[in-house]
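Only a predicted model underlies this, so the values are computations on that prediction, with no experimental measurement involved.
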Number of protein chains: 2
Amino acid sequence: MTTDRSTEDLMSNDAERPAARPTITDVARHAGVSKGLVSFALNDRPGVSAETRARILASARELGWTPNLRARSLSVDRSYALGLVIGRSVDVIAADPFFHSFIAGVESEFSTAGQVLVLAQATPGREETATYRGLAADKRVDGVFLSDLRAGDDRVALVRELGLAAVTLGRPDVESPFPSVSVDDGRGIRAAVEHLAALGHRRIAHVAGPSTMLHGRRRAEAFTTALVAAGLEPTAIIETDFSAVDGARATRELLGLGADRRPTAIVYSNDHMAFAGLAVAQRAGIHVPHDLSITGFDDTELARHTFPSITSVATDAFDWGARSARLLLATIAGQPVDDVELSEPRLVVRESTTTAPESESARH
Amino acid sequence: MTTDRSTEDLMSNDAERPAARPTITDVARHAGVSKGLVSFALNDRPGVSAETRARILASARELGWTPNLRARSLSVDRSYALGLVIGRSVDVIAADPFFHSFIAGVESEFSTAGQVLVLAQATPGREETATYRGLAADKRVDGVFLSDLRAGDDRVALVRELGLAAVTLGRPDVESPFPSVSVDDGRGIRAAVEHLAALGHRRIAHVAGPSTMLHGRRRAEAFTTALVAAGLEPTAIIETDFSAVDGARATRELLGLGADRRPTAIVYSNDHMAFAGLAVAQRAGIHVPHDLSITGFDDTELARHTFPSITSVATDAFDWGARSARLLLATIAGQPVDDVELSEPRLVVRESTTTAPESESARH
DNA sequence: CCGTGCATCTAAACCGGTTTAGTCGCATCA
DNA sequence: TGATGCGACTAAACCGGTTTAGATGCACGG
């Protein structure tokens, strides 16, 4: 009795069942053609007569057909997704607004393409490598953005070995098969130094990023070059990990130098260190900009909202993201691509820089 | 001649072909069983004898088999991915480190689960809706995190209609079928007000987030409640969009009030507005904290690195991410779940708050 | 008038898993 | 002893697309 067939009748009410999304087979039946032909028509490939194609498209539209991404993924072996592995510790990254703008730029290119961004966070080292391997093993993405390039970065080889497409943010210092999108941030540092030199500063110091990171190193080198070009004596360059704490530490170190060696201006390798440095100076009773001029890098929103506001080098992270995405998609599509050079960073002069203190310019 | 078959012989060198990754069929052949049985064994389901199972697992290991996520996705109708749609304009979000920590927390739960995070950025409105619809239509994710809840948030209904699983960050003010993870940020605001009241402040103002956002509104309400509880007169609450610019604007407004109405303390609804407010006060020659005490919210790294450093309410965004991810995964797995209440926010007292100015406390 | 070529279309294989419907042999029970 | 049940396993369908191999019909050239 309990196995009575009549129970099945209760299930026959298929008004309950939400209308299953139509498949290509439904479209084929509706248009009276074969499944394969529908596929041809939908991907407008040759071999389908004009009227048949029209009929198929009409059927598809009428049924509200929409492609099943997973099925397509399986057969064409593509993910329609790009990956970004952020390889910094949370603390360091949390303070850096770069990625938000970058990501926004990336996404701005996606709207049209049906792409999606897969984000992973991993600290450099074993965990980072495992993350890339995981993305590749599961074929979660078709390509990745390689950001925060390091000296002798092993990710370039890794990603190539894994068979992923990629773009590098900046040019790596190792052999790379991948196109790059870069900005001449050295130009920005140079502008900052020239600006300070023009204001009469003679002792300019640099609070640099880690020398293991290419952009940190590149900025430091540009700093030295610019100093030399301005005919100034070599001054202190203090290396940091880009964090605010470390920026503060570096600043204390510089301000602790004897009066005849203490810098009258400090060029910071990012805004957050400049913020922290500003606070350190103020706490020490050193007036910015009259006793000390400072410049930041990135031109974050906050640079406009400190007192004094901070002179900073502006780069366009949004554009960086957009161009990188476009380049990566083109690479994946098999189109020939070239490296991209972004527009030059500009120095945004604000209140934190002014003429060198009297004693200094007189001393010259 | 050009169609000579011999050209095909050139292709027969398959040493070139990189060893294709083994499929379940290869494992079946190797173990001498059927494809289906391999699937059973690998998902350890009943109906496979112990020795056969062992043999199959051995074969899989020997061949280095690893599941093809796409194929699995297609047959079991799951993505093994979660989505986060950040619905703010780039400018506002760029300054907010919340998401970085939140995302890090989310990812910390993924390492074990083979999950991945899909990130999308969309400004509220049509674009945002389209983004959710897109994620659902392509079945890119199994569930989403609903952050930055708004008053009468239509995303709750949208996401349910789309058949996605979800968790809400905070409890929505509309009917919701989804579990929530919340923190009592009102408690944090209360702590700030009590702290200031204890320091003798009588005129405390609030620079609030938008009233359209639940946490902005909740904090404003908590502010009023706390004021009343402390027996203080109602004071100005200025609404902003959470951005630094708007925080600065609000601060100027408050400081522009007549001397008898100007607040001696300002409670900001986030740290970035507090930064901007600090700068505005300093620029106006108002000393913080002696003339004006201020508090922030979020306890961002920078709050430690301003001068004076900023008293702020600390919440644990990382934990928030981790708990949300765990909850969402449990929901998707069909396990019964309960709402989660995070640990209470704590007030971190720093240099930006001190006893109310003489005239004020005397006046009482 | 017949072979050839081409455009159009169908049938079926394929991607790599999961799941269902059955087959088979053997132990158990009436 | 023969029906029954069950554990272990196979074959094949299925998810929803793409792609290949062939079939069909028609126009055209010799």
> Hey, is B/Arg150 close enough to B/Glu128 for a salt bridge, meaning N to O under 4.0 Å?
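Yes, this pair counts.
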> For A/His100 and B/His100, take the angle between the two ring planes, folded into 0 to 90°, and tell me which bin it lands in: parallel under 30, tilted 30 to 60, perpendicular over 60.
tilted
> Under 3.5 Å, sequence neighbours excluded: what are the donor-acceptor pairs made by side chains of residues 324-335 of chain B?
| unit_1 | atom_1 | unit_2 | atom_2 | d |
| --- | --- | --- | --- | --- |
| B/Ser324 | OG | B/Trp320 | O | 2.7 |
| B/Arg326 | NE | B/Glu109 | OE1 | 3.3 |
| B/Arg326 | NE | B/Glu109 | OE2 | 3.4 |
| B/Thr331 | OG1 | B/Leu327 | O | 2.8 |

> Heavy-atom nearest nucleotide on DNA chain C for B/Arg72 versus A/Gly32: which residue maps closer to 5'?
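Its nearest nucleotide being more 5', the pick is A/Gly32.
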> Walk along DNA chain C from 5' to 3' and tell me the first and last nucleotide with an atom closer than 4.0 Å to a non-hydrogen atom of chain B.
C/dG16 to C/dT20
> Could you pull out all donor-acceptor pairs under 3.5 Å where a side-chain atom in residues 45-52 of chain B meets a protein atom, sequence neighbours excluded?
| unit_1 | atom_1 | unit_2 | atom_2 | d |
| --- | --- | --- | --- | --- |
| B/Ser49 | OG | B/Thr52 | N | 3.3 |
| B/Ser49 | OG | B/Thr52 | OG1 | 2.7 |

> Determine whether B/Val85 and B/Leu119 make a side-chain contact, defined as any pair of heavy atoms from C-beta on separated by less than 4.5 Å.
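Contact flag for B/Val85/B/Leu119 side chains = no.
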> Using heavy atoms and a sub-4.0 Å distance, could you list which residues of residues 41-64 of chain A are near DNA chain D? By number, please.
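When residues 41-64 of chain A is checked for heavy atoms under 4.0 Å from DNA chain D, the hits, listed by number, are A/Asn43, A/Arg45.
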> Side chain to side chain donor-acceptor pair (under 3.5 Å) with A/Ser147: which residues, sequence neighbours excluded?
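None.
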> Which of these, A/Tyr132, A/Phe178, A/Phe99, A/Phe102, sits in a ring pair (Phe, Tyr, Trp, His ring centres under 6.0 Å) with A/Phe145?
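So the option named by the test is A/Phe102.
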> Which residues pass the side chain to side chain donor-acceptor pair (under 3.5 Å) test with A/Ser182, sequence neighbours left out?
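For A/Ser182, the residues satisfying side chain to side chain donor-acceptor pair (under 3.5 Å) (neighbours in sequence not counted) are A/Arg171.
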> Remember a base hit wins even if backbone is also touched, and classify B/Thr23 as base, sugar-phosphate or nothing at under 4.0 Å, heavy atoms.
sugar-phosphate
